[in-house]
Amino acid sequence: MKKIIKGGRVATAADAFEADILIDNGKIVQIGRNLSEDGAETIDATGKYVLPGGIDPHTHLDMPFNNTVTDDDWKSGTIAAAFGGTTTILDFCLTAGEEKLSAAIEKWHDKAKGKSAIDYGFHLMIGDLTPETEAELPQILEQEGITSVKVFMAYAKEFQASDRTLFKAFKIAKDLGALVMVHCENGSVIDELVEEARRAGHKEPIYHALTRPAELEGEATKRAIELAHIAGAKLYVVHVTCKEAVDEIITAREKGYDVYGETCPPYLTLDQSALAQPGFEGAKYVWSPPLRPKYHQEHLWNALKAKQLQTIGSDQCSFSFKGKKQLGLNDFSKIPNGGPFIEDRFSILYSEGVAKGRITIHEFVDMISTSAAKIFGLFPQKGTIAIGSDADIVIFDPEAKRQISAKTHHMNVDYNPYEGWEVTGEPISVLVRGEYVIKNKEFVGVLGSGQYIKRPLKAVAAEALKI
Ligand code: URP
Ligand code: ZN
Ligand code: ZN
Ligand code: ZN
């Protein structure tokens, strides 16, 4: 059935204009003034923005981590994402040791199957490569339409890969036209600092931040940049939190290196003092890299504004406070790392960014959707409003005021790091490929209707270079 969105203000990364949008067969087929409504279901968007659906390039749903598993799975996670204005996520498929990559991918497909309410793709995380996984990697990326490989320089006891594996990953990615995403922190030194703090008897959540200094993020970022450069490869730095890392990225980009950077809502809006709250409250704010002292925020905003950082990921990795965070009640190093942000990523960036005058609506669309689509090979199928693109659309009320609370959010956790925050702007209706997932703030989607999106490797090379 055709749909027509009437009377809204369409905003993309480049333009804003009043227009109607005609949708047929899941695609945008016409954009223009006073389009005929003949036989189409009308969606009234008067007074609203009509925006491309959010693309969240960084989620961890149903992921085993830190001796437990995240509380949001593909059902609650994608429903919450949709309420928040996100229509596509890219989730990290974990692999481990000797396990065949194909088996890991199958496992991840099974997690999503029948559950995802929105479209999705995978990044492939790799630990240390074995000869077998190294041989399998190119074929798996090609076959599965995966354009991005993730390597961790942190989590010494779980995911950390050697510099040698990281370098090999860059080489392989370069040959294929893929992109390596790196968690840049010096995991080995952090491990030592954590042991030192534990030996000294420190137990409180704030020691999570104190044992992961910004210098070790800056140092790892610089190392990743140089390894990528020597390999002739592109680099995407995930969850950049601090001036030290931003400075390295800017220096590299000024030298003409293909380096891209992502930051996340909490690093722009919350600071390290949250971890120092009494009564274990600080555990709600434990993720990695940690929150930093407040002055880092302006460096992140400025870098976003200057397009030195391009994307906003949620780094959704949720653990309930009364449940799983308690694993670290007597030992800060056992608090599962991660927070619930998949739902509020879009609203926080709009409210703190556009409504407060820090960024324009175009910059917002670019950061929340378009740049991720380009960098990860989804563009122009997704990430914009254009003829021929998927009708992934958010009808957004820029005036609405809303209070964030765990009582009303849709994530499967008992707290929200933004509890009580008043935000400006709210997604009213959300369409994925022309079908309502959220209609007038109600979930009307179908679990399992989200499609796995294969991405062409070569497209990444071409599109990403334009950023
Ligand atoms: O603390 C975090 N960020 N948890 C998720 C894993 C990661 O490092 O991205
Ligand atoms: Zn990470
Ligand atoms: Zn320092
Ligand atoms: Zn993450």
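Ligands are counted one by one from 1 in listed order, and the atoms in each one are counted from 1 as well.
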Fit a plane to each ring of [X] and [Y], take the angle between them on a 0 to 90° scale, and name the class: parallel (under 30°), tilted (30 to 60°) or perpendicular (over 60°).
{"X": "Tyr120", "Y": "Phe122", "value": "tilted"}
{"X": "His410", "Y": "Phe83", "value": "parallel"}
{"X": "Phe396", "Y": "Phe364", "value": "tilted"}
{"X": "His183", "Y": "Phe152", "value": "tilted"}

Distance-only side-chain donor-acceptor flag, [X] / [Y], under 3.5 Å:
{"X": "Asn66", "Y": "Glu158", "result": "yes"}
{"X": "Trp287", "Y": "Asp315", "result": "no"}
{"X": "Ser188", "Y": "Gln160", "result": "yes"}

Original post:
Starting from atom 4 (N) of ligand 1, which protein heavy atom do you reach first, and at what distance in Å?
Top reply: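 For atom 4 (N) of ligand 1, the nearest protein heavy atom is Asn337 O, 3.1 Å.
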**OP:** Could you check atom 1 (O) of ligand 1 against the protein and tell me its nearest heavy-atom contact, residue, atom and distance included?
**Re:** Ser288 N, 2.8 Å
Find all atoms of ligand 1 within a distance of less than 4.0 Å from any non-hydrogen atom belonging to [X], and give their numbers and elements.
{"X": "Asp315", "result": "2 (C), 3 (N), 5 (C), 9 (O)"}
{"X": "His60", "result": "5 (C), 6 (C), 7 (C), 9 (O)"}
{"X": "Tyr155", "result": "1 (O), 2 (C), 3 (N), 4 (N), 6 (C), 7 (C), 8 (O)"}

Subject >> Proximal heteroatom of His58 relative to the Zn ion (ligand 4) (N/O/S) >> reply: NE2
Subject >> Atom name, Asp315 (N, O or S, nearest to the Zn ion (ligand 4)) >> reply: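 For Asp315, the N, O or S atom at the smallest distance from the Zn ion (ligand 4) is OD1.
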Original post:
Which atom, counting only N, O or S, brings His183 closest to the Zn ion (ligand 2)?
Top reply: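 Sorting the N, O and S atoms of His183 by distance to the Zn ion (ligand 2) puts ND1 first.
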Subject >> Polar atom proximity, Trp287 to ligand 1 (N or O, under 3.5 Å) >> reply: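 Trp287 vs ligand 1: no N/O contact under 3.5 Å.
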Original post:
Relative to atom 5 (C) of ligand 1, which among Gly338, Cys317, Ser318 owns the nearest non-hydrogen atom?
Top reply: Cys317
**OP:** Determine whether the side chain, the backbone, both or neither of Phe152 has a heavy atom under 4.0 Å from any heavy atom of ligand 1.
**Re:** side chain
Original post:
Backbone or side chain, does His60 get an N/O/S atom under 2.8 Å to the Zn ion (ligand 4)?
Top reply: yes
Original post:
With no hydrogens and no angle check, is any side-chain donor or acceptor of Arg433 less than 3.5 Å from a backbone partner on Asp392?
Top reply: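 It does not hold such a pair.
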